[in-house]
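This is the structure, below, for whatever I ask next.
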Amino acid sequence: MASPQGLKAPLEFGGPLGAAALMLLLPATALHLLLAARSGPARLLGPPAHLPGLSELWNPRVLLLLLTWLGLQAALYLLPARKVAEGLELKDKSRLRYPINGFQALMLTALLVGLGISAGLPLGALSEVLLPLAFVATLTTFIFSFLLYMKAQVAPASGLAPGGNSGNLIYDFFMGRELNPRIGFFDFKYFCELRPGLIGWVLINLALLLQETELRGSPSLAMWLVNGFQLLYVGDALWYEEAVLTTMDITHDGFGFMLAFGDLVWVPFTYSLQAQFLLYHPQPLGLPRALLICFINAVGYYIFRGANSQKNTFRQNPSDPSIAGLETIPTATGKRLLVSGWWGMVRHPNYLGDLIMALAWSLPCGVSHLLPYFYFFYFAALLVHREARDELQCLQKYGRAWHEYCQRVPYRIVPYIY
Ligand SMILES: NC(=O)C1=CN([C@@H]2O[C@H](COP(=O)(O)OP(=O)(O)OC[C@H]3O[C@@H](n4cnc5c(N)ncnc54)[C@H](OP(=O)(O)O)[C@@H]3O)[C@@H](O)[C@H]2O)C=CC1
Ligand SMILES: CC(C)CCC[C@@H](C)[C@H]1CC=C2C3=C(CC[C@@]21C)[C@@]1(C)CC[C@H](O)C(C)(C)[C@@H]1CC3
């Protein structure tokens, strides 16, 4: 049953109609991008050069490959962890426990893949089945989201998400009804957010790099940069895995189609678009421009990591010496808000750093095509929308103190611009 609080929550993403449209549009966009990246003109806008038939999309062996991958990541999740962390307090005052072994899973996957490659595993061939792989991953996500929806029917009211319980089947299926669906210690949302999709993304990038080596004798500098930057991003996410426990996805959003598709399809298949593009459209890149792009990525990473670490340290241990000199304002909830340091520059400095990195990931692909810049534009739109959602939640949480924060720090993401 929906919680009374859930029933009153305002509808997001254009309500049931918007949710239905997104459930069609997002998979279609993912397939369009995959097709466009390998086509000659590589057009972001406009129809794809050819429409694939069912025989190009459906392949039971690829489904088996996907299930093996999910099984492997689930097994790595269940291995003993170096630490077990507690999540934020839930409505019923309890706290869930989460294994912190994501980086270990990345290392073990790298070891297994390395052993496989040295034993003759043709990893580069993965680049040839991306289309059917994305297709079966999409089908799997629909089935998985249906099972999550059914599971929520028997969840206690205190376990339901504030937003995904409107009573409308389509909307709730999309948003996700249960906040933290679990079987025992296995937390589906936490698992999907950081493991199969993120690690799958860098594995796909590596496969594209190997395929380029096979085709052209060696990987291009542009391919090295894209692989390196995105590996740093994924490695960082898993190294600071505990920080994900305070993100909006874990603390606020239900686990339904939106996040499941985002984690399992959108991230691995569209975030690897630059490497896909480079395999089929090699781009010359000289050392001076490569160094400039590395500098841009380093600046973005510095801001992203600095801002995220500052807030996480502040929330976990406000008396930590590294943040001792920062100015804060009190709120009625007892929690304080940072108004100096990174969080005194703009209200979402971590988004700014993330966006600068997004630009650095596209720049190695040159400026002849719009397609590799898709991630940058999509991500800017996602963060503007996400920022607006977070503002609303913070206003509800902190009221007047949030107003004061907005007055002291007037810009949202980009200083003096937005
Ligand atoms: N690559 C990708 O596709 C995506 C990446 N991201 C990245 O994920 C990271 C996490 O983002 P996200 O979960 O959206 O949100 P944030 O990490 O920005 O967290 C927002 C929360 O931080 C707290 N907060 C806000 N302002 C302050 C302040 N001044 N002082 C102290 N606490 C404050 C509030 O929660 P409270 O006060 O309750 O602690 C607020 O709800 C970001 O780096 C983002 O760029 C996000 C989405 C997609
Ligand atoms: C399909 C829709 C268009 C929207 C789906 C959004 C999801 C793809 C993103 C929502 C929040 C995310 C986060 C990360 C990846 C993308 C999704 C799932 C993140 C794991 C990336 C790495 C970062 O370091 C992080 C802070 C851990 C991110 C957390 C949020």
Side-chain angles (χ1 to χ4, degrees), residues 13 22-23 25-27 29-30 88-89 102 141 174 189-190 192-195 197-198 201 230 232-253 255 257-271 300-301 303-316 318 323 326-329 331 333-358 361 375 378-379 381-383 385-398 401-402 404-406 408-409 412-413:
F13 300 99
L22 281 172
M23 280 191 281
L25 255 173
L26 290 171
T29 307
L88 297 184
E89 194 176 272
T141 302
F174 179 76
K189 185 165 64 169
Y190 176 68
C192 289
E193 181 96 352
L194 286 176
R195 314 297 177 93
L198 274 193
W201 169 19
Q230 298 184 349
L232 170 72
Y233 190 68
V234 170
D236 173 276
L238 294 165
W239 183 261
Y240 294 100
E241 187 178 19
E242 208 174 328
V244 89
L245 298 178
T246 57
T247 60
M248 201 195 291
D249 309 59
I250 301 290
T251 60
H252 180 269
D253 292 340
F255 194 37
F257 181 84
M258 181 181 74
L259 268 186
F261 180 82
D263 292 339
L264 301 177
V265 183
W266 194 254
V267 167
F269 297 102
T270 69
Y271 285 26
Y301 181 71
I303 301 176
F304 166 83
R305 181 50 29 231
N308 277 329
S309 292
Q310 200 167 68
K311 178 173 65 85
N312 289 331
T313 309
F314 181 64
R315 280 286 171 253
Q316 273 164 8
I323 46 160
L326 295 179
E327 198 185 340
T328 62
I329 51 172
T331 76
T333 64
K335 274 189 186 174
R336 302 180 76 88
L337 290 168
L338 287 163
V339 283
S340 68
W342 289 115
W343 297 80
M345 182 172 82
V346 283
R347 299 207 291 274
H348 270 95
N350 48 354
Y351 289 4
L352 175 67
D354 222 337
L355 263 177
I356 296 174
M357 282 192 285
W361 299 353
Y375 177 73
Y378 137 81
F379 196 46
L382 177 114
L383 291 182
H385 179 248
R386 200 170 164 94
E387 195 275 338
R389 290 179 81 204
D390 191 50
E391 286 272 304
L392 201 69
Q393 284 165 29
C394 287
L395 193 61
Q396 281 162 3
K397 266 187 288 190
Y398 301 126
W402 189 257
E404 187 187 334
Y405 179 47
C406 293
R408 301 260 316 249
V409 184
R412 295 162 190 261
I413 302 178

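Everything numeric in this text was worked out from a predicted model, so none of it was measured. Just so you know, ligand 1 is whichever comes first in the structure, and atom 1 is the first atom listed for that ligand.
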*Proximity to ligand 2 by part of N308, non-hydrogen separation under 4.0 Å*: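 No part of N308 is near ligand 2 at this cut-off.
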
*asked:* Taking a cutoff of less than 4.0 Å between a non-hydrogen atom of the residue and any ligand atom, is W342 in contact with ligand 1?
replied: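 The answer is no: ligand 1 sits nowhere under 4.0 Å from a heavy atom of W342.
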
*Take R389 and D253, measure what salt bridge (Lys or Arg N to Asp or Glu O under 4.0 Å) needs, and give me the verdict at the end.*
CA-CA 11 Å; R389 290 179 81 204; D253 292 340; 2.9 Å; yes

*Ion pair K189/D249, N-O distance below 4.0 Å*: no

*For atom 23 (C) of ligand 2, which protein heavy atom lies nearest, and how many Å away is it?*
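Answer, as residue, atom name and distance: Y233 OH, 3.8 Å.
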
_Side chain, backbone, both or neither: F13 near ligand 2, heavy atoms under 4.0 Å_ =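 For F13, there is no contact with ligand 2 at all, from either part.
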
_Nitrogen or oxygen of N308 less than 3.5 angstrom from that of ligand 1_ =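 Yes; at least one N/O pair falls below 3.5 Å.
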
*Determine, for E391 against R386, whether the closest basic-nitrogen to carboxylate-oxygen distance falls under 4.0 angstrom.*
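The answer is no: the pair does not qualify as a salt bridge.
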
*Got an N/O contact under 3.5 Å between R347 and ligand 1?*
no

_List ligand 2 atoms under 4.0 Å from D263, heavy atoms only on the residue side._
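Once the distances to D263 are compared, the set is 18 (C).
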
_Proximal ligand 2 atoms for F304, defined as those under 4.0 Å from one of its heavy atoms_ =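 Reading through ligand 2 atom by atom, the close ones are 24 (O).
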
*Which segment of V409 sits under 4.0 Å of ligand 1 when only heavy atoms are counted*: neither

*Polar-atom distance check: Y405 versus ligand 1, any N or O pair below 3.5 Å?*
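Checking ligand 1 against Y405, an N or O pair does fall under 3.5 Å apart.
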
*Heavy-atom contact under 4.0 Å between H348 and ligand 1?*
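True for this residue.
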
_For atom 6 (C) of ligand 2, what's the nearest protein heavy-atom neighbour? Residue, atom name and distance, please._
L382 CD1, 4.0 Å

_Under the ring pair (Phe, Tyr, Trp, His ring centres under 6.0 Å) test against Y233, which residue among Y240, Y271, Y375, W361 passes?_
W361

*asked:* So is K397 touching ligand 1 or not, going by heavy atoms under 4.0 Å?
replied: yes

*Between R195 and E241, is the closest basic N to carboxylate O distance under 4.0 Å?*
yes

*Relative to ligand 1, is L337 under 4.0 angstrom through side chain, backbone, both or neither, heavy atoms considered?*
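For L337, backbone and side-chain atoms both sit under 4.0 Å from ligand 1.
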
_Closest protein heavy atom (residue, atom, distance) for atom 25 (C) of ligand 2_ =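 Ranking protein heavy atoms by distance from atom 25 (C) of ligand 2, first comes A237 CB, 4.6 Å.
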
_Give me the nearest non-hydrogen protein atom to atom 14 (C) of ligand 2 as residue plus atom name, then the distance to 0.1 Å._
E193 OE2, 4.2 Å

*Side chain, backbone, both or neither: the part of L338 lying under 4.0 Å from ligand 1 by heavy atom*: both

*Nearest to atom 14 (O) of ligand 1 by heavy atom, F304, W266, Y351: which?*
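That would be Y351.
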
_Give me the residue, atom name and distance of the protein heavy atom closest to atom 1 (C) of ligand 2._
L26 CD1, 3.8 Å

*asked:* Are any of the N/O atoms on D390, whether in the backbone or the side chain, positioned under 3.5 angstrom from an N/O atom of ligand 1?
replied: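 Yes: some nitrogen or oxygen of D390 is under 3.5 Å from one in ligand 1.
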
*Could you tell me which atoms of ligand 1, counted from 1 in the order shown, lie closer than 4.0 angstrom to a heavy atom of D354?*
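Matching atoms, with element in brackets: 5 (C), 6 (N), 7 (C), 43 (O), 44 (C), 45 (O).
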
*Of the side chain and backbone of A307, name the one, both, or neither that has a heavy atom under 4.0 Å from an atom of ligand 1.*
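Contact part for A307 vs ligand 1: neither.
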
